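Note sheet for the following structure.
As the structure lists them, so they are numbered: ligands from 1, and atoms in each ligand from 1. The analysis underlying the following values was restricted to heavy atoms, covering all of them including side chains, and did not include hydrogens, waters or symmetry mates. Since we're looking at a predicted model, the values are computed, not measured.
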Amino acid sequence: MSEPLRVVVLISGSGSNLQTLIDGQQAGRLPIDIRAVVSNRADAYGLERARAAGIPTHVLSHRGYADRAHYDADLAALVDEFQPGLVVLAGFMRILTPAFVARYSGRLINIHPSLLPAYRGLRTHERVLADGCGEHGCSVHFVIPELDAGPVIVQARVPVEPNDTPESLHQKVQVQEHRAYPLAVRWIAEGRACLDNGEVRFQRVPDGRPPVIDADTDIDAL
Ligand code: GAR
């Protein structure tokens, strides 16, 4: 058996995606070892989740920093203490500098609440509703300097129904996020998805390209 993949998770808020990774690790479904959870906000509920799981937590507030470069340099120094093979952005609501992204190239992933390349940026649920889209979802992708533009590992889609609100869409998308993120992390931990020359190279993944899952997909079979 190879060593589990060392992971650092960065959060800013609730940490429900973090929880799915903790659950997957504890249940033996994910060959990962979450070494630390870092938040830029002291009041992030995800810190409680990490503590409850016995995972070391760190708060590095962005307040008081003159610019992103200095914050990101300190963030990288903190993350590097744990020698992660993978840095997981799980609702970490900060734009990262190109230097930070380059430092973790190929081992930095994010989950975004839209079917990228549609709806980069914030307030995705509101914008999807305003445009009358019939479909919405989330994307897990490797991070590149351009915001929400990195190569996609997996997407999950949900239908948009006439009575949906931003909150109902948030709930529906999060249910799928909690399936898509562990799947992508498992593939990376198993060496089945990696960043190669700006593209995701898949092994033993259906069709060898980013799949789009939905509520009916048996992710354990993937
Ligand atoms: C998730 O819905 C994720 O898609 C979003 O933050 C939420 C974090 O939830 N990320 C972004 O919008 C990044 N641009 P969580 O704290 O419960 O995991």
Per-atom contacts, ligand 1 versus Gly91 - under 4.0 Å to a heavy atom: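 Reading through ligand 1 atom by atom, the close ones are 6 (O), 8 (C).
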For Ser14, the ligand 1 atoms whose distance to one of its heavy atoms is below 4.0 Å: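 Listed by number with element, the hits are 16 (O), 17 (O).
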For the 3.5 Å polar cut-off, considering only N or O atoms, please tell me whether [X] and ligand 1 meet it.
| X | answer |
| --- | --- |
| His170 | no |
| Met93 | no |
| Glu177 | yes |
| Gln174 | yes |

Nearest protein heavy-atom contact for [atom]: which residue, which atom, what distance?
| atom | answer |
| --- | --- |
| atom 17 (O) of ligand 1 | Ser16 OG, 2.6 Å |
| atom 12 (O) of ligand 1 | Pro113 CD, 3.4 Å |
| atom 14 (N) of ligand 1 | His112 ND1, 3.4 Å |
| atom 16 (O) of ligand 1 | Gly15 N, 2.7 Å |
| atom 10 (N) of ligand 1 | Ile111 O, 3.5 Å |

Transitive ILVMFWY side-chain link Tyr181 to Val9, under 4.5 Å: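 Yes: a chain of side-chain contacts under 4.5 Å links Tyr181 to Val9.
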Looking only at side-chain N and O atoms, does [Y] offer a donor or acceptor that is under 3.5 Å from a partner on [X]?
| X | Y | answer |
| --- | --- | --- |
| Tyr104 | Asp80 | yes |
| Asn40 | Tyr71 | no |
| Ser14 | Arg49 | yes |

Option passing side-chain hydrogen bond (donor to acceptor under 3.5 Å, both in side chains) with Ser139 (candidates Arg120, Arg157, His112, Gln155):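 Of the listed residues Arg120, Arg157, His112, Gln155, the side-chain hydrogen bond (donor to acceptor under 3.5 Å, both in side chains) partner of Ser139 is Gln155.
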Pairwise side-chain contact, Val152 with Val200, heavy-atom cut-off 4.5 Å (strictly under):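 Val152 does not reach Val200 side chain to side chain.
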Non-hydrogen atom of Ile11 closer than 4.0 Å to ligand 1: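 No heavy atom of Ile11 comes that close to ligand 1.
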Charged N-O contact under 4.0 Å between Lys172 and Asp164: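 Yes, charged N to carboxylate O under 4.0 Å.
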Presence of salt bridge, Asp72 and Arg103, under 4.0 angstrom: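 A salt bridge is absent here (no side-chain N lies under 4.0 Å from a carboxylate O).
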